[in-house]
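For reference, the structure is listed below as structure tokens.
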2 protein chains.
Amino acid sequence: MRRSGTTVGGTVIPIGEGRNGAAATKQRVLDAAEALFVEHGFEATSLRAITTAAGVNLAAVNYHFGSKEELFQAVLTRRLDPMNQRRVALLEALEDEGGDAPVPCDRILAAMFLPALELARDPERGGADFLRLLGRAYADPAPFIRHFLSEHYAPMIARFKDAFARALPQLPRRELSWRLHFIMGALSYTLAGTDALKLIHEIAPADGGANDELLLRRLAPFLLAGLTSPLPDLDEAGGGLDGALGPSAGERR
Amino acid sequence: MRRSGTTVGGTVIPIGEGRNGAAATKQRVLDAAEALFVEHGFEATSLRAITTAAGVNLAAVNYHFGSKEELFQAVLTRRLDPMNQRRVALLEALEDEGGDAPVPCDRILAAMFLPALELARDPERGGADFLRLLGRAYADPAPFIRHFLSEHYAPMIARFKDAFARALPQLPRRELSWRLHFIMGALSYTLAGTDALKLIHEIAPADGGANDELLLRRLAPFLLAGLTSPLPDLDEAGGGLDGALGPSAGERR
DNA sequence: CCGAAATTCAAACGTTTGTTTGAACTGAAC
DNA sequence: GTTCAGTTCAAACAAACGTTTGAATTTCGG
């Protein structure tokens, strides 16, 4: 039987927990799952591989988490929720500080990136591995992963979009949505990297959190430039794509 | 036994091919695999689901392609190689046209995006589904997928990086590598989208190639702004991240 | 120190997976 | 019309999967 213990004042008091209690087992499973999920992906990671790496019994996952899918969600929630809460807290601090004036774009972007940076720097809290897992989860087609992400991400995204809308009043809402989407894309893809990085040479191999910091510091100015760029002329033929090609490029086949 | 037929003048002449010949079987398998891989991912798509959807025998995949992994590579190659060849061809046309002068950034970017745009517009050649599959493959941790992509992508990437380096002589090579990586990230993430799009509202749901065209036309100017932005000051404390936060945001915990 | 609850454990559950097998079938060349 | 390589087919393969079971063990309040 699975029990969650007696609740006192809203906080759950774990019961039956000695030197190697249930909490230690759960944490070892979460740590092992985090490392293996990021290395092989969700589908390709078996519960046997996780429990073996964690040094616990196979049945421990279903006992403590219910199912493999719930374990995956638990792995994400452990790091993601605090990071997003911190993001919103930073943003609100900036807004309170500035009074009625809108927060500048670069500061809003900093509020998005800093918590990720802190997480990448802190191996105790998962370090860069978790950020890679998060980037991978974004591209995973599994419905339960998409549902999870939209539920845990949408509120934060909406919060930041409102802030950006105030900072860029001349930018149509629709255009802002697109640009935010591009930002999330470059961010998650970059965080998921390390493997795809090898496609482009001259980029130092990943060697811990220090590298992720440099990465985000290069990414932020890049995205800021795109975010604050003037409106493109979507009406013109080709929208700057077809039209940009010379006549000699037109002859195909 | 599997034979490839007699070769005449370098081209393979298929043998034993009636109304429903071997070539038709291979194509039906490729089409079904393409649709299912993009919907469920590589690991979560079974050969039985593919062969059932294609209306062929289960053993057909191993007979014609060898294994599930080789089938996946065949699905990618069919669309990817022509697209990348076209990209390089467009770029070379621009370079020949301009003589010794470097090709402008926006035209180089157009040479990267146009072939993807054409593919998205053409349902006969896979349409937008394949682009989504490609975006997913980028984030897949499977080693054979990463090897495949680096082999089939690296030459094109290197080619375009040289072109960008000529167009942006003031930009350090290292910085250019990063920015190109960000571009590939935003592009692949955006192409893989449709699901993640729902995180940000106000974006019209995907309804075919016309939408992908609008998407790329918004993405290209966004990335162009980041690509041509001035060098960030990486020496300053925080690199524009920590420094951008006000004093009140500094107090954590 | 006892008893009940929480947790761990080895074993087995029933499916599903990718792949292989050998016979049946097909279609053209001789 | 016989031959034979190419292709299709139903069936079976061993292995791995997530999950369940019920007994053994640990834990701790009373």
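In what follows, chains are A, B, ... by sequence order, proteins preceding strands, each numbered from 1.
Rounding to whole angstrom units, CZ of residue Phe65(B) and C1' of dT8(D) are separated by 15 Å. Put simply, OH on Tyr63(A) is 13 Å from P on dT27(D), counting in whole angstrom units. When the P atom of dA11(D) is taken as reference, atom CG of Leu58(B) falls 13 Å away, rounded to whole Å. What separates NE2 of His64(B) from C1' of dG18(C) is a distance of 17 Å, to the nearest Å. Rounded to an integer number of Å, the gap from Phe37(B) CZ to dG18(C) C1' is 12 Å. Rounded to an integer number of Å, the gap from CD of Glu43(A) to C1' of dT17(C) is 12 Å. Whole-Å rounding puts the Glu70(A) CD to dT19(D) C1' distance at 12 Å. A straight line from CD of Glu69(A) to P of dG18(D) spans 11 Å, rounded to a whole angstrom.
A side-chain donor-acceptor contact under 3.5 Å links Thr45(B) to the backbone of Leu36(B).
Within the 4.5 Å cutoff, the side chain of Phe182(A) has no heavy atoms near those of the Leu223(B) side chain. Within the 4.5 Å cutoff, side-chain heavy atoms of Leu76(A) are placed close to those of Leu133(A).
Between Arg78(B) and Asp31(B), at least one side-chain N (NZ, or NE/NH1/NH2) sits under 4.0 Å from a carboxylate O, which counts as a salt bridge.
Between Thr25(A) and dT8(C), a side-chain N or O to OP1/OP2 separation shorter than 4.0 Å is present. Using a 4.0 Å cut-off, no side-chain N or O of Asn62(A) falls inside it from OP1 or OP2 of dG18(D). For the OP1/OP2 pair of dA16(D) and a distance below 4.0 Å, the side-chain nitrogens and oxygens of Ser46(A) include no atom meeting the criterion.
Thr45(A) comes within 4.0 angstrom of sugar-phosphate atoms only, judged by non-hydrogen atoms across all strands, and of no base.
Closest to the Lys68(A) side chain, of the nucleotides dG18(C), dC9(C), dT19(D), is dT19(D). Closest to the side chain of Ala59(A), from the set dT19(C), dG18(D), dT21(D), is dT21(D).
One distance of note links CE of Met156(A) with CG of Leu80(A); it measures 8.5 Å at 0.5 Å rounding.
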